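The structure presented is a predicted model; accordingly, all values stated were derived computationally and were not measured. Note: hydrogens, waters and symmetry copies are ignored here, and every other heavy atom, side chains too, is used.
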Amino acid sequence: MNIDEPNAAPGRRSAFGEPPGSAVGLPLPAAFYDRDPALVARQLLGCVLRMVDGHGAVSGRIIETEAYLGPHDAACHAVAGRTARTWHLFGPPGIAYVYFIYGMHWCVNAVTREDGFGSAVLIRALAPLEGVESMRVRRPRARHDAQLCNGPGKLCAALGIDRSYDGASLTGASALTIHAGESITDDLVLVGPRVGISKAVELPLRFRCDSSRFPQPDAD
DNA sequence: CATTTGATGTTCT
DNA sequence: GAACATCAAATGC
């Protein structure tokens, strides 16, 4: 796979037997994540975050991300150093950094750059792809399917991501993975400052795209 | 519609 | 003790 174009057509479809139209590709390799988190955040748009448990696959296309650059970035958890909480944020590229926020929500990041450097990309929103029924069970208060995964806490609830996935590999051979998906051209990408940041520079580090342009999952 | 507020607990100052 | 990479219900138009 060419990590500079992870969603390019060749090799996009995986051999894992996804239903036709799921557009789930190969798991992204660790080298994909061993780069500038802002670039990784942009290129994760259109890729697929996927959880496989005893009940089957639950997944969604990534439609919003946020980059956290490193210890020099006042909004990044790495500013506090490598503590028990941020241990995996400083881990090798391609693992998950999962943390608990506001007393009730989990958030999942893809760790970027080399082992020992604390930077990551927060996965902020998904467009549901597989396992919508499981998502509805896990998020009974969501009134519409469009609201199952349209926030960082919501998508962790919908996929069942919690502390037990902190430090887990995202690159394959595990329950939680990120796969190549649909290519997102620049004209579909909206860029803005990070959400809810009072400190730190207001660089355009948030990336999002509209889910309506993607192939829709098969109706139930 | 938009804006405000309550829930809830960990982390850091 | 305050802040927090949030969510959903309640309130105000």
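A:His72 NE2: more than 12 foreign heavy atoms inside a 6.0 Å radius.
Between A:Arg163 and B:dT10 there is no side-chain polar atom (N or O) within less than 4.0 angstrom of OP1 or OP2. Taking 4.0 angstrom as the limit, A:His105 places none of its side-chain polar atoms (N or O) nearer than this to OP1 or OP2 of B:dT8. Within the 4.0 Å cut-off from OP1 or OP2 of C:dA9, at least one side-chain nitrogen or oxygen of A:Arg141 is found. Distances shorter than 4.0 Å separate some side-chain N or O of A:Thr83 from OP1 or OP2 on B:dC12.
For the pair A:Arg85 CZ and C:dC4 P, the computed distance is 11 Å after rounding to whole Å. Put simply, CH2 on A:Trp106 is 13 Å from C1' on B:dT8, counting in whole angstrom units. Look at NE2 on A:His77: it is 15 Å from P on B:dT10, rounded to the nearest Å. The distance from atom CG of A:Asp162 to atom P of B:dG9 is 16 Å, rounded to the nearest whole Å. Between A:Met104 atom CE and B:dT8 atom C1' there is a gap of 4 Å when expressed in whole angstrom units.
Taking the centre and axis of the six-membered ring of A:Phe32, the NZ or CZ atom of A:Arg35 falls inside the cone set by 45° and 6.0 Å. In this structure, A:Arg82 forms a cation-pi arrangement with A:Trp87, its terminal cationic atom sitting closer than 6.0 Å to the ring centre and no more than 45° off the ring axis.
Shown here, C:dA5 forms no base pair; nothing in the strands shown gives a Watson-Crick or G-U wobble contact with both key distances under 3.5 Å.
A:Tyr102 contributes no side-chain N or O that forms a donor-acceptor pair with the base of B:dA7 under 3.5 Å.
Applying the 5.5 angstrom centroid cut-off and the 30 degree plane-angle cut-off, the aromatic ring of A:Tyr68 is stacked upon the base of C:dA5.
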